[in-house]
Number of protein chains: 2
Amino acid sequence: MTRPIPDPRHTLTLRDVSEASGVSEMTVSRVLRNRGDVSAPTRARVLEAARALGYVPNKIAGALASQRVNLVGVVIPSLSNMVFPEVMTGISSTLDGTGLQPVVGVTNYLPDREESVIYEMLSWRPSGMIIAGLEHTDAARAMLGRAGIPIVEIMDIDGTPINHAVGISHRRAGRQMAEAIIAAGYRRIAFLGTQMPNDFRAKKRLEGFEEALAKAGLSLVDREYYSGGSALLKGREMTAAVLTRTRDIDFLYYSNDMIGAGGLLYCLAQGLDVPGRIGLAGFNGVELLDGLPAKLATMDACRLEIGQTAARIIAEAPGQAQVVELFPTLQAGDTIRP
Amino acid sequence: MTRPIPDPRHTLTLRDVSEASGVSEMTVSRVLRNRGDVSAPTRARVLEAARALGYVPNKIAGALASQRVNLVGVVIPSLSNMVFPEVMTGISSTLDGTGLQPVVGVTNYLPDREESVIYEMLSWRPSGMIIAGLEHTDAARAMLGRAGIPIVEIMDIDGTPINHAVGISHRRAGRQMAEAIIAAGYRRIAFLGTQMPNDFRAKKRLEGFEEALAKAGLSLVDREYYSGGSALLKGREMTAAVLTRTRDIDFLYYSNDMIGAGGLLYCLAQGLDVPGRIGLAGFNGVELLDGLPAKLATMDACRLEIGQTAARIIAEAPGQAQVVELFPTLQAGDTIRP
DNA sequence: CAGGCGGCTGTTAGCGCTAGCATTAGCAGA
DNA sequence: TCTGCTAATGCTAGCGCTAACAGCCGCCTG
């Protein structure tokens with residue numbers, strides 16, 4: 001039983017499989033894609049030949065010929081902050097079994113970078129695009145609008161989508177948190193967040209937050225921004241700075257759970273009465289942080305569901321543009337007094 | 001809240017740009033790829049036409065014609081554990097400016113899933129592949145070996161690579177940690193880790209660890225595995241379980257920093273004397289965790305450098321297969337007594 | 001003034017695959 | 001016998017782009 005040794009110099013094509021199995025290229029193509037009628041014996045012969053040769057189809061040629069690409073572009077700002085991996089999980093699980101495959105691009109919160117990632121992705125003619133946020137460069141919006149494929153903007157719905165949007169209202173989320181804090185009787189409230197000119201969602205949360213404060217006749221008594229470094233550590237440092245600088249602060253509102261956790265650890269280490277003397281809250285519902293000495297008040301951002309819904313919209317390719325608003329739930333945890 | 005999706009009009013091709021600018025398709029192609037000699041006025045005219053039309057090149061056709069694809073497949077087990085995002089950062093930053101682009105595939109530590117992700121990626125004929133780990137299905141190894149592109153297996157070097165490998169010796173890392181622990185005088189040592197039959201690197205670390213213990217006439221006094229859930233919380237729970245079950249444990253070795261941090265928080269909350277009465281160590285050097293009340297002993301896994309080196313190997317496409325061993329440094333932190 | 005050369009642009013021939021017929025064999029019904 | 005059908009397979013013509021080469025022009029060189 002001898003078989004020809006595959007020549008590593010020559011990359012295999014349908015023709016090789018067709019010659020090895022004695023049928024036309026077209027029939028091989030049909031077998032490998034499970035399309036059309038092929039008799040059982042022929043199918044078996046072709047599959048065996050393909051397996052023996054180690055043939056891997058060339059999707060580039062296939063896509064060009066069929067004008068069909070089973071890829072969905074996913075454009076997100078970062079992979080390292082716990083929120084987007086969960087969105088990805090939702091996307092992947094929903095796409096599984098539809099024949100579509102996600103392809104990720106990361107922008108690092110840079111609009112120009114986003115534009116070029118989008119351009120690059122569109123040049124592969126994907127079946128759809130999922131993009132975080134509603135804010136893009138004009139050129140990016142134009143490209144997406146013209147692409148002729150479903151575009152789903154995720155995370156945020158406070159704005160005008162290109163066609164579909166799935167997310168929460170961050171403005172409302174900020175407002176809700178402020179209302180809960182005020183209702184709990186806190187009055188001297190400080191904000192601690194990331195210095196990210198392009199994190200529009202964090203910005204909108206803060207806007208909503210301040211709006212609700214204003215309605216109650218309050219305003220932030222202090223604010224502090226950071227960038228870079230370990231979030232946990234930064235949360236600790238910023239908290240120390242704010243508490244030292246401004247007296248009688250009774251609430252710390254953080255733009256994300258990670259720095260909130262750092263702040264919480266600091267307050268506990270200082271022996272401060274949480275949530276009696278001082279309350280804390282973050283944003284995002286990071287499961288990772290369960291296991292801290294106390295549970296930080298937070299609001300989950302429906303990340304998994306956002307991913308699933310966005311993927312479903314692409315997979316079902318609806319003609320009508322739609323906006324899906326999800327509603328985060330406030331989790332008071334142990335750091336807002338009841 | 002419904003708007004029609006803009007009609008997928010005629011998708012633009014080179015021909016459209018060529019007609020709009022009054023030159024041949026070839027010249028347009030040259031301009032858009034910055035290749036060959038094109039006079040300045042022609043170039044300007046073409047660029048303007050392309051911009052005005054909003055032309056996005058079709059890389060599928062381009063790749064088929066040129067037999068060149070500027071993609072590098074990256075296959076990793078997970079995005080949600082802090083280690084691979086950092087590898088990705090290294091890869092992206094090194095690939096930036098080479099014209100190559102990473103494309104990520106996630107396997108969830110499932111060998112069959114890995115095989116299909118690899119198959120799928122190879123079918124796009126990438127310029128190279130970067131794959132976590134040295135353990136793959138036979139079929140996956142065969143495909144990769146035949147693909148005729150550089151393959152870099154990362155993270156681990158304890159095994160036989162397909163052609164290139166960049167990583168650390170996890171067996172040695174486990175051994176080193178054990179030696180440090182023994183040298184510090186700890187004797188009743190327990191292991192706490194993930195229940196992951198396919199996390200070969202964690203397995204190798206444990207093997208190396210036990211090997212070094214054995215050489216000192218010691219063996220683990222207890223071990224505990226978990227799967228799923230919040231790592232921090234699991235670390236806390238497992239630690240409680242182990243310390244309750246087995247008496248006089250004086251060291252806890254964790255398979256990763258996250259559960260180690262949970263254990264550390266638990267020990268501190270219990271008022272245990274760390275590192276006097278009990279020591280702890282993890283693995284990975286997660287910057288995220290700086291900011292905990294005490295710094296967990298750990299070993300960084302050179303993730304950034306691994307990513308950079310792997311990307312450099314692909315970009316420079318060397319003929320010779322090479323294995324690059326990196327050497328992690330032990331960070332004693334505050335949880336091993338000096 | 002032939003010959004050549006460099007700068008610029010166009011022409012030709014695919015890349016490997018698949019849509020959309022066309023073709024064949026085999027067989028049933030009239 | 002012939003037609004009409006179905007199931008299985010093959011053929012042809014691209015998909016949109018680029019490699020490779022073939023012009024063309026003006027300008028120099030000897």
Side-chain angles (χ1 to χ4, degrees), chain A residues 9-47 49-50 53 55-71 99 120 122-127 147-148, chain B residues 8-47 49-50 53-71 99 120 122-127 147-148:
Chain A
R9 279 161 300 179
H10 172 238
T11 33
L12 297 167
T13 72
L14 270 190
R15 153 152 259 100
D16 296 291
V17 183
S18 101
E19 279 168 3
S21 53
V23 298
S24 71
E25 299 178 34
M26 199 56 233
T27 301
V28 175
S29 170
R30 278 195 271 258
V31 169
L32 296 179
R33 287 178 300 144
N34 280 308
R35 193 145 310 191
D37 302 305
V38 181
S39 71
T42 306
R43 151 172 266 99
R45 213 142 35 91
V46 169
L47 286 176
L53 292 172
Y55 173 69
V56 177
N58 185 331
K59 288 222 177 178
I60 296 176
L64 184 62
S66 67
Q67 304 284 60
R68 213 174 291 123
V69 179
N70 67 336
L71 262 24
E120 201 70 20
L122 286 179
S123 76
W124 288 100
R125 301 291 187 267
S127 296
Chain B
R9 336 159 195 180
H10 164 67
T11 30
L12 298 168
T13 71
L14 269 190
R15 152 152 260 102
D16 297 290
V17 183
S18 99
E19 279 168 5
S21 53
V23 298
S24 71
E25 299 178 32
M26 197 57 231
T27 301
V28 176
S29 169
R30 279 195 270 254
V31 169
L32 296 179
R33 287 177 300 143
N34 281 307
R35 192 144 312 190
D37 303 304
V38 180
S39 71
T42 306
R43 149 172 267 100
R45 213 142 35 90
V46 168
L47 286 176
L53 293 172
Y55 174 69
V56 177
N58 184 331
K59 288 223 177 177
I60 295 176
L64 184 62
S66 67
Q67 304 284 59
R68 214 174 290 122
V69 179
N70 66 338
L71 263 24
E120 202 69 20
L122 286 180
S123 76
W124 288 101
R125 302 288 186 265
S127 296

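Values below: all heavy atoms of this structure, side chains included; hydrogens, waters and symmetry mates excluded.
- By the side chain to side chain contact (heavy atoms under 4.5 Å, CB included) test, A/Asn70 pairs with A/Lys59, A/Leu100, B/Glu120, B/Trp124, sequence neighbours left out.
- Comparing B/Arg43 and B/Ser66 along DNA chain C, the residue whose closest nucleotide (by nearest heavy atom) sits nearer the 5' end is B/Arg43.
- Not counting sequence neighbours, the partners of B/Ser39 by the side chain to side chain contact (heavy atoms under 4.5 Å, CB included) test are B/Pro41, B/Thr42.
- Within the 4.0 angstrom heavy-atom criterion, base atoms lie near B/Asp37.
- For the residue pair A/Ala20 and A/Leu53, the shortest heavy atom distance occurs at CB-CD1, 4.0 Å.
- Looking at every heavy atom in both residues, B/Leu71 comes nearest to B/Pro126 through O-CB, 3.3 Å.
- When each of B/Val46, B/Leu14, B/Asp16 is paired with B/Tyr55, the side chain to side chain contact (heavy atoms under 4.5 Å, CB included) condition holds for B/Leu14 and for no other.
- If you measure from atom CD1 of B/Ile60 to atom P of C/dG14, you get 23 Å, rounded to the nearest angstrom.
- A close approach under 4.0 Å does occur between a side-chain nitrogen or oxygen of A/Arg33 and OP1 or OP2 of C/dT18.
- In summary, contact between chain A and DNA chain D, defined as any nucleotide atom under 4.0 Å from a heavy atom of the protein, begins and ends at D/dA8 to D/dG16 in the 5' to 3' direction.
- In this structure, the CZ atom of A/Arg30 is 15 Å from the P atom of C/dC17, given to the nearest Å.
- Rounded to whole Å, atom C1' of C/dG14 lies 10 Å from atom CD of B/Gln67.
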Show which side-chain atoms of residues 21-29 of chain A pair as donor or acceptor with protein atoms under 3.5 Å away, not counting sequence neighbours.
{"from": "A/Ser21", "atom 1": "OG", "to": "A/Val17", "atom 2": "O", "distance (Å)": "2.7"}
{"from": "A/Ser24", "atom 1": "OG", "to": "A/Met26", "atom 2": "N", "distance (Å)": "3.4"}
{"from": "A/Ser24", "atom 1": "OG", "to": "A/Thr27", "atom 2": "N", "distance (Å)": "3.3"}
{"from": "A/Ser24", "atom 1": "OG", "to": "A/Thr27", "atom 2": "OG1", "distance (Å)": "3.2"}
{"from": "A/Glu25", "atom 1": "OE2", "to": "A/Arg15", "atom 2": "NH1", "distance (Å)": "2.5"}
{"from": "A/Ser29", "atom 1": "OG", "to": "A/Arg33", "atom 2": "NE", "distance (Å)": "3.1"}
{"from": "A/Ser29", "atom 1": "OG", "to": "A/Arg33", "atom 2": "NH2", "distance (Å)": "3.0"}

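- B/Ser127 places a side-chain N or O within 3.5 Å of a backbone atom of B/Val69 that can act as its donor or acceptor partner.
- With sequence neighbours excluded, the residues satisfying side chain to side chain donor-acceptor pair (under 3.5 Å) with B/Arg43 are B/Asn34.
- From one end of the helix from C/dC1-D/dG30 to C/dA30-D/dT1 to the other, with five pairs defining each end axis, the axis direction shifts by 60° (rounded to 10°).
- In the region residues 14-28 of chain A, proximity to DNA chain C at under 4.0 angstrom, judged on heavy atoms, holds for A/Leu14, A/Met26.
- Residues satisfying the side chain to side chain contact (heavy atoms under 4.5 Å, CB included) test with A/Asn58, not counting sequence neighbours, are A/Ile60, A/Ala61, B/Arg125.
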